[in-house]
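The first residue of the sequence shown is numbered 1, and numbering continues consecutively from there. Order of listing sets the numbers, starting from 1, for every ligand and every atom in it.
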Amino acid sequence: YLLKSSLHEIDHVATLVRRIHRNRSVKVLVVDDSRSFRAYLVKLLELHRLQVLQAENGREALEIMKTDPGVDLVITDYNMPEMDGLALIGALRQRHPRSELAIIGLSEQGSQALSARLLKNGANDFITKPFLVEEFYCRVIQNIEQIELVRAIRDSSVRDYLTKLYNRRYFFETGETLYAAARRRQLALAAVMLDIDHFKRVNDTHGHLAGDRVIKQVASILADGVRQADLLGRYGGEEFCILLTGIDQTHLAMILERLRSAIEATRIEHDDLALSVTISLGATLELTDSLQAMIDRADACLYRAKQGGRNRFVI
Ligand code: GH3
Ligand code: MG
Ligand code: MG
Ligand code: MG
């Protein structure tokens, strides 16, 4: 019976891990001064294809966290030289809120006071050594799932469901900050509006699903075509907006042309068809009275690009 139940447990763990992996790879940092125990933890985690980093004390762990922003979960021992688990957890929580990083503290058996202190210092959970493998997996997975859930909720409030780009509300919220900084520090800022050409034809000829597919594909090409620092959003239906910082006229023209030609060159597969579309773009570098005024100006340029024959940009 015991064997059966533990096999069932491992199956359950595999299902949970698969669910997490669907989204992306999960990164775990293991912190323990005992090399052999660390190796054991790493093996358990890697068995389920979790990506694992290691540190042998708190100080080393903090260094890794500074250089690698992608860690989802830290599992830390308490008793370590240089910097112990409590100090590490305290330091980590200065920079990484519970909504972004899960921390599990490891404590020795019979030290309930320590477990409480780990939690009080900011750990989400603790595991008492020695532990059952099933318990270890369950706690690890539950903590990762919680982080993923918070991320999903946050994403759904700022991202557009179809394209996963930022929605209009988030674009303006964050855009206002970029705009204010550009005004204050006299930095260059470009506002771009773009719209898919004759998009109604796609819907009318191939149906709404094909239309959705096209919008998604265009969004993904745009996302690949802008820098990490640029702000790209879905403005509405088949219209997108971009804010680019620290850019001059020549560079802006280059980027707009690159986006235009990338979309023109793409064949979008839908059923047995290979669809192609073009976009028109309008942009301005003038820091007018407000972000909305800049967008309006870019929109006026977009209108001229449409009037001029589409599949082009106007600055
Ligand atoms: P133009 O070159 O002048 O932009 O022509 P157009 O046909 O693209 O004109 P318009 O911008 O007026 O049409 C946009 C159409 O996009 C109208 C609307 O039905 C469709 N649309 C808006 N949002 C979505 C969406 O999420 N999915 C799909 N499939 N269609 C959408
Ligand atoms: Mg130790
Ligand atoms: Mg439109
Ligand atoms: Mg259009």
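- Across every non-hydrogen atom of Asp197 and Ser280, the tightest pair is OD1-OG, 2.6 Å.
- Relative to the ring axis of Phe131, Lys129 does not place its NZ or CZ within 45° and under 6.0 Å from the centre.
- Protein atoms of type N/O/S that fall under 2.8 Å from the Mg ion (ligand 4) number 3 in this view.
- With Asn143 contributing its side chain and Arg139 its backbone, the two residues share a donor-acceptor pair below 3.5 Å.
- In terms of heavy-atom proximity, Leu118 sits nearest to Ser107 at CD1-CB, 4.0 Å.
- There is no path of hydrophobic side-chain contacts, each under 4.5 Å, that joins Leu244 to Tyr170.
- Note on ring orientation: taking the six-membered ring where Trp is involved, the planes of His48 and Tyr137 are perpendicular (angle over 60°, cut-offs 30° and 60°).
- Metal site remark for the Mg ion (ligand 2): Asp33 contributes an N, O or S atom at a distance under 2.8 Å.
- Taking the ring axis of Tyr166 as reference, the NZ or CZ atom of Arg234 does not stay both within 45° of it and closer than 6.0 Å to the ring centre.
- Contact shell of ligand 1 (protein heavy atoms, cutoff 4.0 Å): Asp195, Ile196, Asp197, His198, Phe199, Lys200, Asn203, His208, Gly211, Asp212, Ile215, Arg234, Gly237, Glu238, Lys306, Arg310.
- Using a cut-off of 4.0 Å between Lys/Arg side-chain N and Asp/Glu carboxylate O, Arg169 and Glu173 are scored as salt-bridged.
- Leu45 has its side chain out of reach of Gln51: every pair of non-hydrogen atoms, C-beta onward, lies at least 4.5 Å apart.
- Ring geometry, Tyr235 versus Phe172: the interplanar angle falls from 30° to 60°, so the pair is classed tilted.
- With Thr284 contributing its side chain and Glu286 its backbone, the two residues share a donor-acceptor pair below 3.5 Å.
- Angle OD2(Asp77) to the Mg ion (ligand 2) to O(Asn79): 90° [nearest 10 degrees].
- For the Mg ion (ligand 2), the set of nearby N, O or S atoms under 2.8 Å includes none belonging to Tyr78.
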